Asker: 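Have a look at this one before I ask anything.
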Amino acid sequence: MAVYKRGYSRYTGELTSRRQRLLAVPRFMWSRLFGQRFVLAIFVAAFFWPLLCSLFVYVSNHAELWSGFGRDMAKMLEINGKFFLVFMNVQSVFAMILAAMAGPGLIAPDIANNALPLYFSRPLSRTDYVLSRFIVLAGLLSLVTIVPALFLLTMQAGLAGFQWAIDYWYLPTGVLAGFALWIAVVSLVALACSAYVKWRVISGALVLAFFFLLAGAAEMMNAVFRTDAMRIFNPAKALNRIWAEMLRTEPDADLNVALCAAVLAALFGLLILVLERKLRPVEVIS
């Protein structure tokens, strides 16, 4: 029978909600990512530092273990903003490596196999497409950053008592907000690299190169202009300056926190622009 003689009717089945469509990809991708050996190895290795930090918290709250060393040891073992800043710096490296391993497989295969028209022909916008992939990375990175941080904060508050929680009330907000910013930066970089390069291996290498090249370029500009202010163009240094401000530690006097925030905002805009330009169902060549 000819196509024009067939009768067609509108789909009358059950429609899924936007939340269900957003969580469809993360539900399958998380299990797929943990099936990859390198991702699983980095994920497991990322918990060694939190375990060492939890041991440090335990020792610092049991004075009988170090009471014979004097006040200098007590000051060294104090749990404050400096302790959590060091913890965040180390865990941020693991998060960056994990994003480089897991991020390239989220968008690059769809572009390489011309699968975007299949996605966008369904009730899924480009924003939903990017957001679903962002949820995959954000959820994965949260397990090695936010979850261990919450454990350390809870452990310290339980051992040190209510007075410590009052004195350092700003630490939970600073740590969680700081990690949320880093997760957003790393995830957007990984997604942009995955959308820009079709080959997964090269895309993963580009994620790491992005941070190292910007750090090298910032140091080069410092040497040329004989200043340290150019470190604001290093995302890791800029974010570290914001972390120091939120955790109330000794900040880097050469970096202005407002300028660091402006540089990160510009970086967010640039990465979103890359995703907007690359994620299109068809490419028109004139």
Side-chain angles (χ1 to χ4, degrees), residues 19 22-23 25-26 29-30 33 42-43 46-47 49-50 53 80-103 106 127-128 130-157 165 168-194 207 210-211 214 232 234-249 251-252 255 257-272 274-275:
R19 183 182 65 179
L22 286 176
L23 295 179
V25 173
M29 285 302 301
W30 282 328
L33 287 174
I42 297 298
F43 181 80
F47 287 97
W49 178 243
C53 290
N80 50 23
K82 291 182 179 180
F83 167 80
F84 282 100
L85 184 61
V86 174
F87 168 75
M88 294 173 70
N89 285 328
V90 176
Q91 286 304 105
S92 64
V93 176
F94 283 106
M96 179 180 63
I97 298 175
L98 194 58
M101 300 295 296
L106 297 178
T127 301
D128 293 338
V130 174
L131 187 58
S132 63
R133 271 82 183 155
F134 182 85
I135 292 174
V136 174
L137 277 180
L140 180 64
L141 300 183
S142 296
L143 294 177
V144 299
T145 54
I146 293 179
V147 172
L150 286 174
F151 174 77
L152 291 177
L153 288 167
T154 303
M155 181 180 180
Q156 172 61 20
Y168 296 98
W169 59 269
Y170 53 87
L171 285 182
T173 303
V175 172
L176 299 182
F179 269 142
L181 283 174
W182 181 247
I183 289 174
V185 171
V186 174
S187 298
L188 285 177
V189 170
L191 292 178
C193 292
S194 182
V207 175
F210 177 87
F211 292 98
L214 284 182
I232 61 173
N234 181 352
K237 289 291 185 181
L239 199 54
N240 189 273
R241 174 65 179 85
I242 296 176
W243 288 351
E245 188 71 20
M246 292 189 295
L247 299 180
R248 300 186 181 183
T249 61
D252 191 339
L255 298 181
V257 66
L259 289 177
C260 291
V263 169
L264 289 178
L267 179 61
F268 281 137
L270 180 62
L271 295 173
I272 292 173
V274 171
L275 291 172

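These numbers come from a predicted model, not from an experiment. Throughout, residue positions are numbered sequentially from 1 according to the sequence presented.
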Asker: Heavy atoms, side chains only, cut-off 4.5 Å: are V175 and L152 in contact?
Answerer: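 Counting from C-beta outward, V175 and L152 never come under 4.5 Å.
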
Asker: What's the spacing between L171 CG and L153 CG if we round to 0.5 Å?
Answerer: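 Atom-to-atom, L171:CG and L153:CG are 7.0 Å apart.
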
Asker: I need the minimum non-hydrogen distance between L141 and T145, along with the two atoms involved.
Answerer: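 Scanning both residues completely, I find the closest heavy atoms to be O-OG1, 2.7 Å.
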
Asker: If I take atom CG from residue N234 and atom CZ from residue R241, how far apart are they, to the nearest 0.5 angstrom?
Answerer: 14.5 Å

Asker: Checking side-chain contact (heavy atoms from CB on, under 4.5 Å) for the pair W49/V86: CA distance, chi angles, key distance, verdict?
Answerer: CA-CA 11 Å; W49 178 243; V86 174; 4.0 Å; yes

Asker: Ignoring hydrogens, what is the shortest heavy-atom contact between L33 and V136? Give both atom names and the distance.
Answerer: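 Smallest heavy-atom distance, with atoms named: CD1-CG1, 3.7 Å.
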
Asker: Could you give the distance from CG (N240) to CG (L85), rounded to the nearest 0.5 Å?
Answerer: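 So the CG of N240 and the CG of L85 are separated by 5.0 Å.
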
Asker: Identify the heavy atoms of F87 and C53 that sit nearest to each other, and give their distance.
Answerer: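 Answer, listing the atom of F87 first, then C53: CD1-SG, 3.7 Å.
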
Asker: Are any non-hydrogen side-chain atoms of T249 and F84 less than 4.5 angstrom apart?
Answerer: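 Answer no - side chains too far apart.
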
Asker: Could you state the interatomic distance from CE (M101) to CG (L98), rounded to the nearest 0.5 Å?
Answerer: 8.5 Å

Asker: Taking A190's backbone N and O only, do any of them form a donor-acceptor pair with S194's side chain (distance below 3.5 Å, no angle check)?
Answerer: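 No.
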
Asker: Calculate, to the nearest 0.5 Å, the distance between atoms CG and CZ belonging to L143 and F47 respectively.
Answerer: 6.0 Å

Asker: Any side-chain heavy-atom pair from L176 and L150 closer than 4.5 angstrom?
Answerer: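 Side chain of L176 against side chain of L150, heavy atoms only: contact under 4.5 Å found.
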
Asker: So which atom in A99 and which in L137 form the shortest heavy-atom distance, rounded to 0.1 Å?
Answerer: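 Looking at all heavy atoms of both residues, the closest pair is CA-CD2, 4.4 Å.
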
Asker: Give a yes or no answer on whether the side chain of T173 reaches the backbone of Y170 with a donor-acceptor pair at less than 3.5 Å.
Answerer: no

Asker: Identify the two heavy atoms, one from V130 and one from L191, that lie closest to each other, and give their separation to 0.1 Å.
Answerer: O-CD1, 4.1 Å

Asker: As an exercise, state the distance from CG of L106 to CD1 of I135, rounded to the nearest 0.5 Å.
Answerer: 12.0 Å

Asker: Hey, what's the ring geometry for W243 with F179, parallel, tilted or perpendicular (30° and 60° as the breaks)?
Answerer: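 W243 vs F179 ring planes: perpendicular.
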
Asker: Considering all heavy atoms of both residues, which atom of P50 and which atom of Q91 are nearest to each other, and what is their separation?
Answerer: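 Residues P50 and Q91, closest heavy atoms: CD-OE1, 3.4 Å.
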
Asker: For this output row, return yes or no: ring centroids of W182 and F211 closer than 6.0 angstrom.
Answerer: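 Aromatic pair counts; centres sit under 6.0 Å.
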
